[in-house]
Enquirer: 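Take a look at this one; I'll ask things after.
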Amino acid sequence: MHNKTIAQIAKDLENKVYSSVEITQHFLKRIEEQDKTLNSFITVTAENALQEAKNADNLRAKGEASVWTGIPMAHKDIFCTDGVLTSCGSKMLSNFVAPYDATVVSNFKQAGAVSLGKTNMDEFAMGSSNETSYFGAVKNPWDTSRVPGGSSGGSAAAVAGRLTPGATASDTGGSIRQPAALCGVTGLKPTYGLVSRWGMIAYASSLDQGGPIAQTAEDCAMMLNVMASFDTKDSTSIERPKQDYTASLNNSIAGKTIGLPKEYFSKDLDPAMAAAVRAAVSEFEKMGCKVKEISLPNTHLAIPAYYVVAPAECSANLSRMDGVRFGHRCENPKDLEDLYKRSRAEGFGKEVQRRIMVGAYALSAGFYDAYYVKAQKIRRLIKNDFVAAFKDVDIIMGPVTPSPAFKIGENTSDPIAMYLEDIFTIALNLAGLPGMSVPAGMVNGLPVGLQLIGNYWDEAQMLNIAHQFQLATDWHKQAPAGV
Ligand code: GLN
């Protein structure tokens, strides 16, 4: 039952193969049994989930069900959930019960979905391995001595371990695509502005975007149908006509042109990974696609620019965590300054503190022009590279990560090595473009992701291309041993 996709569960519920209560109980039992090892959930809301499932079954009995009624799923712990702990993976918010739902969460509630709980993540979504979580590292279900990727590692591991059929996630520099790749599941980062950020705890506001992680592109399309919505509560939400992302999944992709950026097949990429990605691309040639080498000449500037912009924005966003209004507060503060200082020193982990310091420095008078303004200029150059490339191609493809999942602890003492994990994912966030990771091979028994980069607002075509690949291959159907 747990290997079923969201699309299959929707059909089964409609055909009364099982009830929402039954499938919800099944996943809750799996979480109870398996998550001691994986640690992919921070909070499991079993009682709520069963109540929601019961309500869904009642609606169905009355003939009032829609596609999502009664389907279990989970939310990354970055999304505020009314009455439920919303920790963002941090000690700072380890006592924060959100007083309202994020728009993404209320969209799923309105659609009738059942929330199993909140998934583990790197603290405030800063990380590429899920090791910075206050609630402990998440394990990769393919090899529990390895990382699941980050920051949405809990969501990706939970889907790969079949503890939930789908989970929400967020991507600031790769946090949907990288863990999806390392865990062998499918993830989609939408165009900036498609999914409301309201109630999604801010890391770097101009880069953050919520999106789905699930087994297949079809499931991601179903989740995106719920997640994408214009929201007046988010000033960067863009008003566009509502789209059904499942409608064009079966279109033929013959004749499409795929661009392969030469900079993405550099020496940074493990040769076995390059071979797997090229083999995946040749599948598309069999389907009648044309392949063209392209250049994104400013790719090498993406990581340095990102590690100025993201820390700068996070240093501003995290200033609201001051121990006064909510979150962790130190014991017996001497005065206000002591309250601020100790609450923040105790509440934030090392990586978050590092980013706040880097960001505050980059924004300070005297350094602002040299770092922040410069990074913003680079950002425009990177965007221009993509705009030029999309004049000649329908989609861009490449690797998601330079290598398969690394060992827990392998990169923790070397922040630069950790930052380089995002070398192929970050440019897209700087440009605001949509991207996906699709399971596309194995290296040393570990999953490899193929990255798809679409043009602005081109999620439907990107999902169509990913779905056609999944009809022709079965990488997405492979599951870790024992699942
Ligand atoms: N690994 C990147 C970082 O630590 C990206 C994280 C993310 O996308 N949230 O900033």
Side-chain angles (χ1 to χ4, degrees), residues 76-79 88-90 119-133 137-138 147-156 167-183 187-190 192 195 197 200-213 302-318 348-359 362 375 379 400-403 405-406 410-412 414-437 449 451 453:
K76 182 176 181 178
D77 210 20
I78 198 167
F79 291 100
C88 220
S90 182
T119 58
N120 205 343
M121 54 180 287
D122 276 304
E123 186 179 4
F124 287 108
M126 298 173 199
S128 308
S129 67
N130 232 292
E131 293 164 291
T132 71
S133 170
V138 178
V147 306
S151 64
S152 314
S155 294
T168 56
S170 70
D171 193 313
T172 304
S175 278
I176 291 177
R177 291 157 288 151
Q178 188 247 12
L182 300 192
C183 290
L188 185 148
K189 180 251 171 229
Y192 184 79
V195 170
R197 291 185 299 108
M200 185 174 92
I201 295 171
Y203 161 15
S205 312
S206 75
L207 303 161
D208 298 341
Q209 190 59 194
I213 294 184
I303 289 195
Y306 174 89
Y307 279 101
V308 171
V309 174
E313 292 184 15
C314 101
S315 75
N317 278 326
L318 268 53
F348 291 136
K350 287 273 166 291
E351 185 59 27
V352 173
Q353 294 186 14
R354 180 176 7 247
R355 306 261 179 128
I356 291 173
M357 283 192 288
V358 169
R379 194 169 179 177
V400 181
T401 58
S403 53
F406 48 93
E410 196 175 318
N411 284 340
T412 33
D414 185 352
I416 305 288
M418 193 71 98
Y419 296 172
L420 287 172
E421 282 301 315
D422 303 319
I423 192 159
F424 304 124
T425 51
I426 266 177
L428 212 137
N429 300 74
L430 291 168
L433 286 163
M436 279 185 83
S437 174
Q451 185 166 210
I453 304 174

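Treat the numbers as computed from the prediction; the structure is a model and nothing was measured. When a ligand or atom number is given, it counts from 1 through the structure's own listing order.
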Enquirer: If we ignore hydrogens and angles and just use 3.5 Å, is the side chain of T132 paired with the main-chain N or O of E123 as donor and acceptor?
Expert: yes

Enquirer: When the ring planes of F348 and F124 are compared, do they come out parallel, tilted or perpendicular, using 30° and 60° as the limits?
Expert: perpendicular

Enquirer: Under the rule for side chain to side chain contact (heavy atoms under 4.5 Å, CB included), what residues qualify as partners of A405, not counting sequence neighbours?
Expert: N140, R146, L182

Enquirer: Can you tell me if S175 uses its side chain to pair, donor with acceptor, with the backbone of T172 under 3.5 Å?
Expert: no

Enquirer: So which pairs with a foot in residues 169-179 pass salt bridge (Lys or Arg N to Asp or Glu O under 4.0 Å), sequence neighbours left out?
Expert: D171-R177

Enquirer: What pairs with R379 under salt bridge (charged side-chain N to carboxylate O under 4.0 Å, His left out), at least two apart in sequence or on another chain?
Expert: none

Enquirer: If you count only heavy atoms, which residues are under 4.0 Å from ligand 1?
Expert: A125, M126, G127, S128, S151, D171, T172, G173, G174, S175, Y203, Y306, Y307, R355, D422

